[in-house]
There are 2 protein chains.
Amino acid sequence: MSAPSMKDVAAHARVAVGTVSNVLNHPELVAESTRKRVLDAIAELGFVRNESARQLRGGTSRTLAYVVLDTRNPFFTDVAAGAQQVAEDAGLAMFLCDGGEDPTRQARYLDLLEQQRVEGILITPVDANDPSLAALARRGTPVVVVDRGAGPDRCSVSVDDVLGGDLAASHLLDAGHRRIAFVGGPRSIGQVADRLAGAEQALARAGAEPLTVLETARLDVAEGRRAGERLAGLPAARRPTAAFCANDMLALGLLQQAVRLGLRVPHDLAIVGYDDIEFAAAAAVPLTSVAQPRQLLGRTAAELLLAEARHPKGHVHQQRVFEPELVVRESTSMRRLDGVA
Amino acid sequence: MSAPSMKDVAAHARVAVGTVSNVLNHPELVAESTRKRVLDAIAELGFVRNESARQLRGGTSRTLAYVVLDTRNPFFTDVAAGAQQVAEDAGLAMFLCDGGEDPTRQARYLDLLEQQRVEGILITPVDANDPSLAALARRGTPVVVVDRGAGPDRCSVSVDDVLGGDLAASHLLDAGHRRIAFVGGPRSIGQVADRLAGAEQALARAGAEPLTVLETARLDVAEGRRAGERLAGLPAARRPTAAFCANDMLALGLLQQAVRLGLRVPHDLAIVGYDDIEFAAAAAVPLTSVAQPRQLLGRTAAELLLAEARHPKGHVHQQRVFEPELVVRESTSMRRLDGVA
DNA sequence: AGCCGACCTTGGAACGTTTCACAACGGAGG
DNA sequence: CCTCCGTTGTGAAACGTTCCAAGGTCGGCT
């Protein structure tokens, strides 16, 4: 009743177990007639290789995983698509693991993947300094950090988030905004901290008043809406005239709620998002956003991971950093801002 | 140099291998002092359980997978989030596998997962009638089809796509539209075929002229834009006054391109999408869409899968069908349509 | 003293593969 | 006729776990 094994196939085809294995792995060593007999037996019994046994014996798993911050953020699925392409070309399967912005869940995935002896792990960590990540790498599982920089003891592929934050804030300053809000959180997420830092650096340079920080619990649309409510609730005189959001999910939520509550965008509130996900351009008011090379990020990460997995000896860790690019759209378009400031 | 095994731990702690196993699996059987010695050895050597060996011996994997049509469609990641919640509560990890709307890739994942002896597979198949799916189930891997109906030999969780298509088309007919386009493809994808069938059924009932079908190669934003170009290119007299898209990705692309090419939505072109993903409401013109209970779909599917996996004997397959719901927004709002038809 | 049970630890079988040294067979060449 | 060789197939070891029957030790009870 339980799944048939090679032993069953061997018995059925009246050959030794080793021969069945050979049919599967080195068919050229088996005579035509025998091979056919074995293949027939396999088909008849519905035999399926047991990957655990294979891997136990052989030591290798032909599998890698991408542990993502949140699969519901299209940014990450785009990165994943890039990585998957590379993995596939190399004959590896890639599993996507949704960390859900939850350190506990992420840690559970890491444990599981290490126990499964995956060939390597791509990860966008909640906390890049988590010591368990370093331990994982030390014990021999190749790890590449994606969308976060890392120290010299690890490969990483990232985009300069401080620069991105600076670009976004500078753009708003150039447009004449002086009261600017930052929407994002929790700060424990590196991307959030860096983008905020970049924005603050731009404001400081311009001698502007400090950011109003609206901290969020997560980086999703619902939290963006909540922030919209808070902003709309402020008296116009004290309300920021622009908001920089830590990602596009927040920005889209903010935009939606702000408009619903009667704020005109960008007239009453200019908005800059981050990631330039596909939906940003299609938003109610097309969203100005900081673009990142998503697929390239994924491809590069997978390539580094494969390099390390294939040649662990003498592997030199690389920290690749790409540059973000500001994409200006109507959500900050200045034409309509004249009457305001 | 290779990863330490229980044997190494046992030697280091001067106990038998069985004792190490007991420390991990039945700590209450081991004396306090011994247990500590073993745990210390584990920590010192950086021992990590070999899941393959465990599974080989124990036969069970504590893992399930959701093979998705396309991870870049937020609809599916929402479904996945629902499923993951249930899996997690049951102590199982869930892997997401991106089929990328590609039958080959999907088949590769299925093979791999079966060989890994996962506890069960959730799948939104490219082709629900693929015989390899049935074979998989017959050989003992529980399978639940998600977002597609299935025959009595399988569990499935779906939403009535024919009804959904009917709702969408009826809505457009009620609003006075007579030349209606359907945007979607390939037709080999069940959801596309059903939604189209539903729409055709509504038109037939109303005695309206048949749909103009714009078949797409994929269900993504880029294809939607392409469809927008084709529509905008038609002379106004022959151009459909409304389009029903097989999903919101297409609808958002169509909307974006139509607006860019000077069509007013809904004035010149009304648009109905499908899935009501979070971004639909935030679109340039908020999108009328056919909503599906995404998370509920995922949760229910995972529950059925677990039930089957836990009690294979006497399991009765269920085909759960939910009802879609039309959500009307500005992309079909009739107020501005007066001057037109 | 002898026995018992409680408690802890041990050693080895089993899981399903892959690999490898070796055996069986036949034909070619000397 | 014997040797050698190439072609096929065999059988057993090994991978790292878990489980189980059995062994050992110790204190207390009869």
Collect all protein-nucleotide pairs involving nucleotides 12-16 of chain C in which both atoms are nitrogen or oxygen and the distance is under 3.5 Å.
from, atom 1, to, atom 2, distance (Å)
dA14(C), N3, R57(B), NH1, 3.3

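Reading DNA chain D from its 5' end, the first and the last nucleotide to sit under 4.0 Å from a heavy atom of chain B are dG16(D) to dC19(D).
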Q.
Apply salt bridge (charged side-chain N to carboxylate O under 4.0 Å, His left out) to residues E51(B) and R62(B) and explain how you reach the verdict.
A. CA-CA 10 Å; E51(B) 179 68 24; R62(B) 310 266 74 195; over 6 Å; no
(Q) Checking R35(A) against R37(A) for the side-chain contact (heavy atoms from CB on, under 4.5 Å) test, could you report, in this order, the C-alpha distance in whole Å, the side-chain angles of both residues, the deciding distance, and whether it holds? (A) CA-CA 5 Å; R35(A) 200 186 336 161; R37(A) 204 145 34 91; over 6 Å; no
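For the 3.5 Å distance criterion, the side chains of D147(B) and Q191(B) qualify, holding a donor opposite an acceptor. If you check the side chains of R148(A) and N129(A), you find no donor sitting under 3.5 Å from an acceptor. There is no side-chain donor-acceptor pair under 3.5 Å between Q55(B) and T60(B).
Without hydrogens or angle criteria, T63(B) side chain to S61(B) main chain gives a donor-acceptor distance under 3.5 Å. In this structure, the side chain of E101(A) does not engage the main chain of R218(A) through any donor-acceptor pair within 3.5 Å.
Listed by chain and residue number, R139(B) satisfy the salt bridge (charged side-chain N to carboxylate O under 4.0 Å, His left out) test with E114(B) (two or more places apart in sequence, or in another chain).
At dT19(C), one or more side-chain N or O atoms of H26(A) fall inside 4.0 Å of OP1 or OP2 (strictly under the cut-off).
Between the P atom of dT19(C) and the CG atom of N25(A) lies a distance of 6 Å, rounded to the nearest Å. For N22(B) and dG11(C), the CG to C1' distance is 13 Å, given to the nearest whole Å. As a whole-Å value, the separation of L29(B) CG from dT10(C) P is 13 Å.
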